[in-house]
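See below for the structure under consideration.
Here is how names work: the chains are called A, B, and so on, in the same order as the sequence lines, proteins then strands, and each is numbered from 1. Since we're looking at a predicted model, the values are computed, not measured.
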Amino acid sequence: MEFSEWYAEVLRSAEVMDVRYPVKGLYVWLPYGFEIRRRVIERLRRRLRETGHREVLFPTLIPETQLERESEHIAGFEDEVFWVTHGGLKELDEKLALRPTSETAIYPMFALWIRSHADLPLKVFQIVNTFRYETKHTRPLIRMREITTFKEAHTAHATREEAEEQVREAFELYSSFFEELGVPYVASVRPEWDKFPGAEYTVAFDTLMPDGRALQIGTIHMLGQNFSRTFEVTFETEEGEQEYAYMTCYGVSDRVVASVIAIHGDEHGLVLPPDVAPYQVVIVPILKKGVRKKILRKAREVREELSEVARVKLDDRDVSPGRKFHYWELKGVPLRVELGARELEEGTAVVFRRDELERETYSLSELPDVVPRLLEEVQENLRRRAWERFEERLHRAESLEEVREFVGEGIVETGWCGSEECGRRLEEEVEGDVLGTPYPEEREPEVERCPVCGEPAERTIRVAKTY
RNA sequence: GGGGCCGUGGGGUAGCCUGGUCUAUCCUUCCGGCUUUGGGGGCCGGAGACCCCGGUUCAAAUCCGGGCGGCCCCA
């Protein structure tokens, strides 16, 4: 089955999202999907807090004059901003933008909050929805007009070095976050022509969808003093001078959930990493006349015991076991415990692993030890498997022909002389997008020559078809 | 930015070209009942649809125009 088709089908049948909301690019999170989303958010929220970021919440609306203060920034967004133009029947004196991103909402407040070097560093984050007037093929969680879960952090620092250090911290933070979800990635410094509007440079994380196209799943922007100059974010140094703050911002969107779904899923449906699975274990009692009550009683016992070590669901609906098996596989529950007359007699249970689709029998008494161990194994196995598949599709190419050959089926690395002209030519020649150069910066490029001009390569450059 | 295809119960579809027994097909789903339950069980009964607006026509799911929505290809 083709990826788009599979993806749409899984979102629907596993009840992640309902795509039937009657506005293009807007979708409804269903309870099951919402639980996955919530767990993904919580993991990132915890990491941000642990690294000293404090959570805030800014308004959704940004006045036009404020949004347009940074010219380069607004130029990058102006054709995709949603505007609120009326209050009731009255036209507003000043239009209000639905935030396409929050820099211009947040930094004027930074200007008020930051007075002295003692106020720095300032590190905040918020988890909000943002809006983009997408005109082309929208897709749930991948390209939406309302991004429902933008987890954006904004920081201000006294020195460039500290801001650079913050970029590295953000890189570590996101790397471990993606690792935890088993989502493989490469981090690249985006080319000049594709950086965040208004930033000095942008580091982006890209993963690969099953169809071979790259998906940007996170970005880190070094803003330098660009925005602090525009928004007058100044502080008094120890020497008593006024100086502009050095700033960074970074964010991850709903796409991270899309990548978890797409990367781990299989022909049976979702395969959820135990860390973010709403249920980690489902108990399916196999009821038979006569012993029905006994089996149910035992199943409840098992549920109580396992609840100490995992999130457990007992499915005691009056439908056939086969149907329940399919249902919970579709939902991606990592482990299934099957309990029937046979097991009851032997004091055992069958445990089925969603990732490998394999069964094994354990004694009931060892289940509380086995389950956490298996959950860890599933988590690790998904991560490892995903990385293997990812690396298989990381290609190296010396010539344009080779780049062209691989560009539809993964990320291609080749040499680059460093000129924008060659970068853009490369995109045209191979019908792909330049993702950028490796971050952290490599010592020597692996490919010796730029395949476009033939000059010695200064950097490795990555190309892929993108979403 | 350019081009193409499509919209029928909750999901997937037949019908549309050639307007009229369409009182709209089939599968699935859902509800009630009985019977079942070790990989989507069976039987009986029931519920549920022509995207919206306008036009052509005696007559529109079907033809025409627009809107909204979806999918695909190319740049």
Provide the distance between the two [atom1] atoms, one in [N] and one in [M], to the nearest whole Å.
{"N": "B/G11", "M": "B/G20", "atom1": "P", "answer": "26 Å"}
{"N": "B/G7", "M": "B/C52", "atom1": "C1'", "answer": "11 Å"}
{"N": "B/G4", "M": "B/U8", "atom1": "C1'", "answer": "22 Å"}
{"N": "B/U35", "M": "B/C27", "atom1": "C1'", "answer": "23 Å"}
{"N": "B/U28", "M": "B/G67", "atom1": "P", "answer": "40 Å"}
{"N": "B/G48", "M": "B/G2", "atom1": "P", "answer": "45 Å"}
{"N": "B/U21", "M": "B/G40", "atom1": "P", "answer": "42 Å"}
{"N": "B/A49", "M": "B/A14", "atom1": "C1'", "answer": "13 Å"}

Query - Position toward the 5' end of RNA chain B (nearest nucleotide), A/Leu26 or A/Arg12 - result: A/Arg12
Separation of [N] [atom2] from [X] [atom1] (nearest whole Å):
{"X": "A/Leu357", "N": "B/G39", "atom1": "CG", "atom2": "C1'", "result": "12 Å"}
{"X": "A/Glu358", "N": "B/G39", "atom1": "CD", "atom2": "P", "result": "18 Å"}
{"X": "A/His326", "N": "B/U29", "atom1": "NE2", "atom2": "P", "result": "13 Å"}
{"X": "A/Arg354", "N": "B/G39", "atom1": "CZ", "atom2": "C1'", "result": "14 Å"}

Report task. Pick base, sugar-phosphate or nothing for A/Glu427, based on heavy-atom distances below 4.0 Å to the nucleic acid. Result -> nothing
Requested in this report: Just grab all the side chain to side chain donor-acceptor pair (under 3.5 Å) pairs involving residues 337-346 of chain A, residues at least two apart or on different chains.
Outcome: A/Arg336-A/Glu338, A/Glu338-A/Arg359, A/Glu346-A/Thr348
All N/O pairs under 3.5 Å across the protein-nucleotides 30-38 of chain B interface:
from: B/U36; atom 1: OP1; to: A/Lys289; atom 2: NZ; distance (Å): 3.3
from: B/U36; atom 1: O4; to: A/Asp318; atom 2: OD1; distance (Å): 3.3
from: B/U36; atom 1: O4; to: A/Asp318; atom 2: OD2; distance (Å): 3.2
from: B/U37; atom 1: O2'; to: A/Leu287; atom 2: O; distance (Å): 3.1
from: B/U37; atom 1: O2; to: A/Val319; atom 2: O; distance (Å): 3.3
from: B/U37; atom 1: N3; to: A/Asp318; atom 2: OD1; distance (Å): 3.4
from: B/U37; atom 1: O4; to: A/Arg292; atom 2: NH1; distance (Å): 3.1
from: B/U37; atom 1: O4; to: A/Asp318; atom 2: OD1; distance (Å): 3.2
from: B/G38; atom 1: O6; to: A/Ala341; atom 2: N; distance (Å): 2.8
from: B/G38; atom 1: O6; to: A/Arg342; atom 2: N; distance (Å): 2.6
from: B/G38; atom 1: O6; to: A/Glu343; atom 2: OE1; distance (Å): 3.2
from: B/G38; atom 1: N1; to: A/Glu343; atom 2: OE1; distance (Å): 2.5
from: B/G38; atom 1: N1; to: A/Glu343; atom 2: OE2; distance (Å): 3.1
from: B/G38; atom 1: N2; to: A/Glu343; atom 2: OE2; distance (Å): 2.9

Query raised in the report: Quick one: salt bridge (Lys or Arg N to Asp or Glu O under 4.0 Å) partners of A/Arg143, sequence neighbours excluded?
Result: A/Glu134
Query - Contacting residues from residues 18-25 of chain A, given that a heavy atom lies under 4.0 angstrom of RNA chain B - result: A/Arg20, A/Pro22, A/Lys24, A/Gly25
Query raised in the report: With distance as the sole criterion, do the side chain of A/Glu9 and the base of B/G11 form a donor-acceptor contact below 3.5 Å?
Result: no
With a 3.5 Å cut-off and sequence neighbours excluded, list the donor-acceptor pairs that the side chains of residues 288-309 of chain A form with protein atoms.
from: A/Lys298; atom 1: NZ; to: A/Glu301; atom 2: OE1; distance (Å): 3.2
from: A/Ser307; atom 1: OG; to: A/Arg303; atom 2: O; distance (Å): 2.7

Report task. Establish, from distance only, whether the side-chain atoms of A/Thr65 and A/Glu94 form a donor-acceptor pair under 3.5 Å. Result -> yes
Query raised in the report: Does any donor atom in the side chain of A/Tyr467 or A/Asp211 lie under 3.5 Å from an acceptor atom in the other side chain?
Result: yes
Query raised in the report: Is the A/His73-A/Phe196 ring centre distance short of 6.0 angstrom?
Result: yes
Contacts of [X] that satisfy side-chain contact (heavy atoms from CB on, under 4.5 Å) - sequence neighbours left out:
{"X": "A/Arg45", "answer": "A/Ile41, A/Glu42, A/Arg49, A/Glu55, A/Phe125, A/Ile127"}
{"X": "A/Glu392", "answer": "none"}
{"X": "A/Gln379", "answer": "A/Pro273, A/Pro274, A/Asp275"}

Query - Cation-aromatic face contact A/Arg145/A/Tyr27, 6.0 Å, 45 degrees - result: no
Could I get a table of every N or O pair under 3.5 Å where one atom is in the protein and the other is in nucleotides 72-75 of chain B?
from: B/C72; atom 1: OP1; to: A/Ser4; atom 2: OG; distance (Å): 3.2
from: B/A75; atom 1: OP1; to: A/Glu431; atom 2: OE2; distance (Å): 3.0

Query - Pairs meeting criterion ring pair (Phe, Tyr, Trp, His ring centres under 6.0 Å) with involvement of residues 396-424 of chain A, two or more places apart - result: A/His395-A/Phe406
Query raised in the report: Tell me the ring pair (Phe, Tyr, Trp, His ring centres under 6.0 Å) pairs involving residues 260-312 of chain A, sequence neighbours left out?
Result: A/Tyr279-A/Trp328
Query - Partner of A/Glu179 under salt bridge (charged side-chain N to carboxylate O under 4.0 Å, His left out), chosen from A/Arg383, A/Arg43, A/Arg384 - result: A/Arg383
Query raised in the report: So among A/Phe177, A/Phe171, A/Tyr174, A/Trp387, which one has a ring pair (Phe, Tyr, Trp, His ring centres under 6.0 Å) with A/Tyr185?
Result: A/Trp387
Report task. Determine the minimum heavy-atom distance between A/Val430 and A/Val407, stating which atoms define it. Result -> O-CG1, 3.4 Å
Report summary line: For RNA chain B, the dot-bracket notation using Watson-Crick and G-U wobble pairs below 3.5 Å, [ ] for pseudoknot-type crossings and | for other-strand pairs, is (((((((..(((.......[.....)))(((((((.....)))))))...(((((..]....)))))))))))).
